[in-house]
Number of protein chains: 2
Amino acid sequence: MTKKDKILLMATRMFAGKGFADTSTAELAGITGVAESTIFYHFKNKEELFLEVLRKVREEIVQHFEEHEQSQGFESGLDKVEGLLGYYLYLAGAMEDAFLLLHRHYPYMLAQDNEVCRENLEAVYNCMADIFQRAIEEGQRDGSIADIPARKTALILFTMVDGLVRFKTYNLYDAGTLFKEMVASARKILVHAH
Amino acid sequence: MTKKDKILLMATRMFAGKGFADTSTAELAGITGVAESTIFYHFKNKEELFLEVLRKVREEIVQHFEEHEQSQGFESGLDKVEGLLGYYLYLAGAMEDAFLLLHRHYPYMLAQDNEVCRENLEAVYNCMADIFQRAIEEGQRDGSIADIPARKTALILFTMVDGLVRFKTYNLYDAGTLFKEMVASARKILVHAH
DNA sequence: CAAACGACTGAGCGATTACTCAGTCAGGCT
DNA sequence: AGCCTGACTGAGTAATCGCTCAGTCGTTTG
């Protein structure tokens, strides 16, 4: 692993763990095991380093979700949506730093006047919302999901599972216990009234 | 309004708007219109200033929610829950700084080794979760809400409306449009299957 | 062999940070 | 009048910040 990759790896961890402002280049260099000036040899400043971190985070998350969408074994669209909820929670645990980074405020502040940042954030959120939406529409075609607004419902389901990840982050409530109830709630939102 | 109160007011705005680390005491003093040393005359350091801000935020939010809970005019528990969802969204707009502060990471980091901070966060979240829970239980008594786990459902509804507030903060989606769909989803979660 | 190159570093820079302290000043008490 | 007290401030301080730059290496190229 090159020193540049090591810096990116540890920067992801630090930006996620303590935020952009509280991440000092001196400490990052110390943890990574390089000279502080090596950081500025590979990245022209701290903000560009952050953008590179964000780009990798986007790549990885989008790739994982698209791979999961291609995987088979779902009986229906409803089944697929429930699988997505579980996969989101799993991925947020497996890629803790990536999701924690996206839960921070800095990227959204930066996105206000940095196009690259905005593009990366939009890409990752559109990807996730689209996949939820497509699963819902698939369920509407196979009859497992009622005729509800697909995009809006996708976003509502997203807020639910993303909120659960936040509970997990702050240890506010046992996420595993709440997950079962969340899936049950999602099912009620999706299925036909009868 | 005393200088101390002015400092607290502007500190709330700055901590909410740019976070703890990016809030400099020099800039806060400038905006407030006092000397920087005046801040340290009233508060022994930046962290204590933040804790004082957090205490006021907690007081105000808890007070508003408890007042709303006492207000009459709800036909049923289900009606009350739906009213609470709307009130949460309204309050998050009316007290933008307070809610934005609670959406930042710093208070939860600080809470890990600061008891006062932890108590304030627990108080405000318990208050909101309890009020949702009591409304659900009231609905279960009057028959408008099905026999579902009250606490867990309260938390799920909370994640939904809190996620909506985040959408509003970052302008990711028109919150007003999504709100109607969220209330419809909440109703499906709460009512009896038939 | 010499020159050029990319990767990397130690030393140091000006700016900013949170915070201190001696001292000013107005108002109330004796 | 003299004194005390609480509110407030200007002028600092050491430490840390992001960042620069001249220069050292080892490898590749002419």
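By convention in this document, chain letters (A, B, ...) are assigned in the order of the sequence lines, proteins followed by strands, and residues within each chain are numbered from 1. Predicted model only: the values in this text are computed from it and were never measured.
When ring centroids are compared, B:F158 and B:F132 stay outside the 6.0 Å threshold.
Atom CZ of A:F15 and atom C1' of D:dG18 are 12 Å apart (whole Å). For the pair B:D5 CG and D:dC8 P, the computed distance is 10 Å after rounding to whole Å. A:K6 has its NZ atom 16 Å from the P atom of C:dA7, to the nearest Å. Between B:N45 atom CG and C:dT17 atom C1' there is a gap of 14 Å when expressed in whole angstrom units. The CZ-C1' distance, from A:F43 to C:dC8, rounds to 14 Å in whole Å. Atom CG of B:D22 is separated from atom C1' of C:dA18 by 14 Å (rounded to the nearest Å). Look at CD on B:E48: it is 10 Å from P on C:dC19, rounded to the nearest Å. Distance CD (B:E36) to C1' (D:dA7): 17 Å, rounded to an integer number of Å.
Figure legend: A:K4 and A:Y41 shown without cation-pi pairing, the cationic atom not lying both under 6.0 angstrom from the six-membered ring centre and within 45 degrees of its axis.
Between B:Y88 and B:D162, the side chains place a donor N or O and an acceptor N or O closer than 3.5 Å (distance only, hydrogens not considered). A:T2 and A:D5 form a side-chain donor-acceptor contact under 3.5 Å, judged by distance and modelled atom types alone.
Nearest nucleotide to the B:K46 side chain, out of C:dA18, C:dC8, C:dG10: C:dA18. When distances run from any side-chain atom of A:T38 to the nucleotides D:dT9, D:dC19, C:dC8, the shortest one goes to C:dC8. You'll find that the side chain of B:Y41 is closest to D:dC8, out of D:dC8, C:dC8, C:dA18. Of the candidate nucleotides D:dC19, C:dT9, D:dT9, D:dT9 has the atom nearest to the side chain of B:S37. Checking D:dC19, D:dC8, D:dG10 against every side-chain atom of B:K3, the shortest atom distance belongs to D:dC8. Checking D:dT20, C:dT9, C:dC21 against the side-chain heavy atoms of A:F40 singles out D:dT20 as nearest.
Between B:H42 and the phosphate of D:dC8, there is a side-chain N or O to OP1/OP2 separation shorter than 4.0 Å. Applying the 4.0 Å criterion to OP1 and OP2 of D:dG18, one finds that A:T25 has a side-chain N or O inside that range. In this structure, B:S24 does not reach the C:dT16 phosphate: none of its side-chain N or O atoms is under 4.0 Å from OP1 or OP2.
Among B:E69, B:H64, B:E82, the single residue meeting the side chain to side chain contact (heavy atoms under 4.5 Å, CB included) criterion with B:Y87 is B:H64.
Residue contacts for A:T2: at a heavy-atom cut-off of 4.0 Å it reaches no nucleic acid atom on any strand shown.
Each of A:A21 and B:G33 was matched to the nucleotide of DNA chain D holding its nearest heavy atom; the match closer to the 5' end belongs to B:G33.
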